Structures are given as structure tokens and as C-alpha cells.
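Let me begin by presenting the structure, written as C-alpha cells, before commenting on it.
Sequence lines set the chain letters: A, B, ... in the order given, protein chains first and strands last, and positions in each chain run from 1. Bear in mind the structure is a predicted one, so any value in this text is a computation, not a measurement.
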Amino acid sequence: MNFSNELITWYRNNKRDLPWRNTNDAYLIWLSEIILQQTRVEQGMPYFLKFSEAFPTVKRFSEASEDEILRLWQGLGYYSRGRNMLKTAKRIVSDFNGVFPSAYADLITLTGIGEYTAAAISSFSNNEAKAVVDGNVYRLLARYFGIDTPINSTEGKKSFQAVADDLLDLNNAGEHNQAMIEFGALQCKPKNPNCQICPFIQSCYAYKHQKINDLPVKLKKLKIKERYFYFLILINEQNEILIKRRNNNDIWAGLYDLPSVEFTETTELPELLNHADYKKWFKKILAIKSVSEKIKHILTHQKIYAQFLEISVAEKYNINTNDGIWVKVDEIYNYGMPKLIFAFLQKIHKFN
DNA sequence: AATCCGGGGGG
DNA sequence: CCCCCAGGATT
């Protein structure tokens, strides 16, 4: 038994009863597919029911106002989907005589319909031999065949489409495509799939090589996080500075730095000094000796904004020895510190 | 090739 | 908190 036959057997035994599967009406299938883009079936279901009831035909849809569409769409997200649907519905009426097309070549010309959706509508409504590749299919193919090309790279999109095309049951494209998607959604799930009940347990690459959790591969977008650090330079009457060791689960792991508070946005002095995390470091401020400018420090994946507050204090406050060390200013260089902090201390105290 | 567009659920 | 979901349009 080949892959497609095995898959379809699984599908017939396990598929969910979903309303858009009980029709060949390209319009209703379109409605479901647009709603389900980047949306879970459970979340999209009530919207499909609302829309199909409010607009039984594409003609009726085309006569709606944008406000009406958006009101029904409310809460579903990606609102351009709703606006694009209205645009497309009008075009079906004007250019397709009100008959929703089922041919891939026609569908792909419509706003809001890309390769996946055109393949889905054409195969589901008219059994056209176009293979769908959605998030479920990427995952299934990557694991089963052990493909580690990133699914969100140009090369990945092309090669996964080619694999899916190759696998397609040309005589039963609609059901094959439904089965691919359903299998990815129910059996070959993103997290903790139950491989013990999988019909492909003997032939799956990822299961055999214990790579279920490593596939598919996806390129991560390097997002730069902005962090605002406010460092305290506490100086006592013996000319000692309080330093502390950093945790291991963050930048500058294990290095020494200064007592600090982190914010997610820029913060000003009064609020700063009243912050509970600051107050724990001192009893009484003798004098605020200096407040530095905000210093920008760029790391690979983080943008740090640092400001230093130099404060003289009367005594060695009862610091837990695990949490802070008083160090003579001219012995600071004995401790490994982030460049940002060392450079600043060096600048204001002129030690080596 | 990157970025934007959302709300919701699960680990 | 991060990832993912029946993706597509825009730059």
C-alpha cells in the first residue's frame, strides 16, 4: 500500500465532521479557507457558520458593506482577509458571472487567494490535481521524509511543494489533500504527537531518528529586544563600590555588575529611586553624586540602554554576602565585568 | 527576502 | 514567555 492510500485509510477512520467538507460549493469552500488561514479550526468554526448563514451565496456576499463584513469578522484577526473577500466577491459577480470559479488558474488571480488556497479550493470542489502545502503538510513531510530545509525559506517552499506534488493521488486529489491536512492537525501534531498510534511509525524518518522535535526546521526572525537598565554605583565612606554577580540565565552570565533594575521602557529618576528593587540596596542616600546620560549598547539580539546613578551611602548596608560585595575602587579590575559597565566605571574613577 | 498583519491555545 | 495555527500581500 502506498503512502497516499495508507493516509486516506487513516483519514476515513479519523476525520472530523466539519461543515465545509459536506459541500462541493466553491464559494462555501472559499469562505472556509479564508477564515481558516492562520486560524485554528475550533476558532474559525463559529465564523464560518455566521458567514455562511448571513451570505449563502457569493452574490449576497458581494452586496454586503465593508462595515458589515468587518463586524462579523470581529475577533478573528488579520482583518485584511475580510476586506479582500469583499473585493473578490465583487469580482466574481463582475468577471465570473456570479459563479465562483473552481479552476486553480482562475482562483490564483483572486485577491486573498495564494497557492495554498487555490490548490485547496480547486481540489476540494472539483478534484483538480493540485497539492496543498500548509503548516500541517510542511510538518508531516519534514518529519516523514526527514527534510531539514527551512520551511519558511524560498528553497524550502519550492522543495516541499515538489514533494507534495509528487505524493499527490492524481485521481483523488481532494480527499488526499484533506487527508494530508487532517493528519498533520490530529496525528502529526506540533507538540507531543502520539507516534505509538501512527500508521507510519515504521517508515517515518523523524521517528526512527528521534527528530520529531527537531522537524520541521524554521528560520527564526532575529528580533532585537530593547532593554532599559539602570545601574547603581553605591560608594561608601571607605571608597568602596558594591558589585554583584549576575545570574547564568541571561546576558553577561556569571560576570559581575552593579545593583540594577530593568525596565521595558525608559524611566525617569523619581520613579526609579522609589522602585522596590532599588530601595533594597541602600538605607540612606547621602548624596546623588552623578546621573549619567543614557548609554546605548548593542548586542547581537538585544539593544541595551543603560543609565548609571552614582550615589554615596553612609555605611556598608547589610548586604547578604551571596548577593553583593564591597570592593575598593582600585581593585575593581580584579572582577570580570561587562564591557559596558567596566568602561563606565573606568571613565568616572580613572583606575587602570 | 523581510515584514506586516491578530487573536487564541498549548507547553 | 515562545511557538503555532487549513497564509497572503506588500515592500
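At a threshold of 4.0 angstrom between heavy atoms, the contacts of A/Thr117 are confined to the sugar-phosphate backbone, with no base atom among them. Here A/Gln178 lies in heavy-atom contact (under 4.0 Å) with a base. Within 4.0 Å of A/Lys157, counting heavy atoms only, lies no atom of the nucleic acid at all. Heavy atoms of A/Leu18 sit under 4.0 angstrom from at least one base atom. Residue-level contact check: A/Val41 touches the bases, meaning some heavy atom is under 4.0 Å from a base atom. At a threshold of 4.0 angstrom between heavy atoms, the contacts of A/Trp20 include nucleobase atoms, whether or not backbone atoms are also involved. Residue contacts shown for A/Arg21 include a base, since a base heavy atom lies under 4.0 Å away.
Atom OG of A/Ser312 and atom CD of A/Glu237 lie 8.0 Å apart (nearest 0.5 Å).
One can place NZ of A/Lys220 at 16 Å from P of B/dT3, the figure rounded to the nearest angstrom. Look at CG on A/Leu219: it is 14 Å from C1' on B/dT3, rounded to the nearest Å. Atom CD1 of A/Ile151 and atom C1' of C/dG8 are 16 Å apart (whole Å). The nearest whole Å value for the distance from the CG atom in A/Leu186 to the C1' atom in C/dA6 is 12 Å. Rounded to whole angstrom, the span from the CZ atom of A/Phe183 across to the C1' atom of C/dA6 amounts to 16 Å.
Sorted by first then second residue, the ring pair (Phe, Tyr, Trp, His ring centres under 6.0 Å) pairs that include residues 82-120 of chain A, not counting sequence neighbours, are A/Trp30-A/Phe100. Every pair passing salt bridge (charged side-chain N to carboxylate O under 4.0 Å, His left out) that includes a residue from residues 288-309 of chain A is listed here, sequence neighbours excluded: A/Glu226-A/Lys303, A/Glu268-A/Lys294.
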Under 3.5 Å, which donor-acceptor pairs do the side chains of residues 204-212 of chain A form with other protein atoms, sequence neighbours left out?
{"unit_1": "A/Tyr207", "atom_1": "OH", "unit_2": "A/Gln196", "atom_2": "NE2", "d": "3.2"}
{"unit_1": "A/His209", "atom_1": "ND1", "unit_2": "A/Tyr205", "atom_2": "O", "d": "3.0"}

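Using a 4.0 Å cut-off between charged side-chain N and carboxylate O, A/Glu175 and A/Arg21 make no salt bridge.
Annotation: C/dT11 and B/dG6 have their P atoms spaced 15 Å apart (nearest Å). On the P atoms, C/dA6 is 15 Å away from B/dG11, given to the nearest whole Å.
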Between the protein and nucleotides 9-11 of chain C, which nitrogen or oxygen pairs are less than 3.5 angstrom apart?
{"unit_1": "C/dA9", "atom_1": "OP1", "unit_2": "A/Gly112", "atom_2": "N", "d": "2.6"}

Base contacts versus sugar-phosphate-only contacts with protein, heavy atoms under 4.0 Å: please encode nucleotides 6-11 of chain B as B, S and - from 5' to 3'. BBBB--
Pairing string, 5' to 3', for DNA chain B - Watson-Crick or wobble contacts under 3.5 Å, brackets [ ] where pairs cross, | to another strand: |||||.|||||
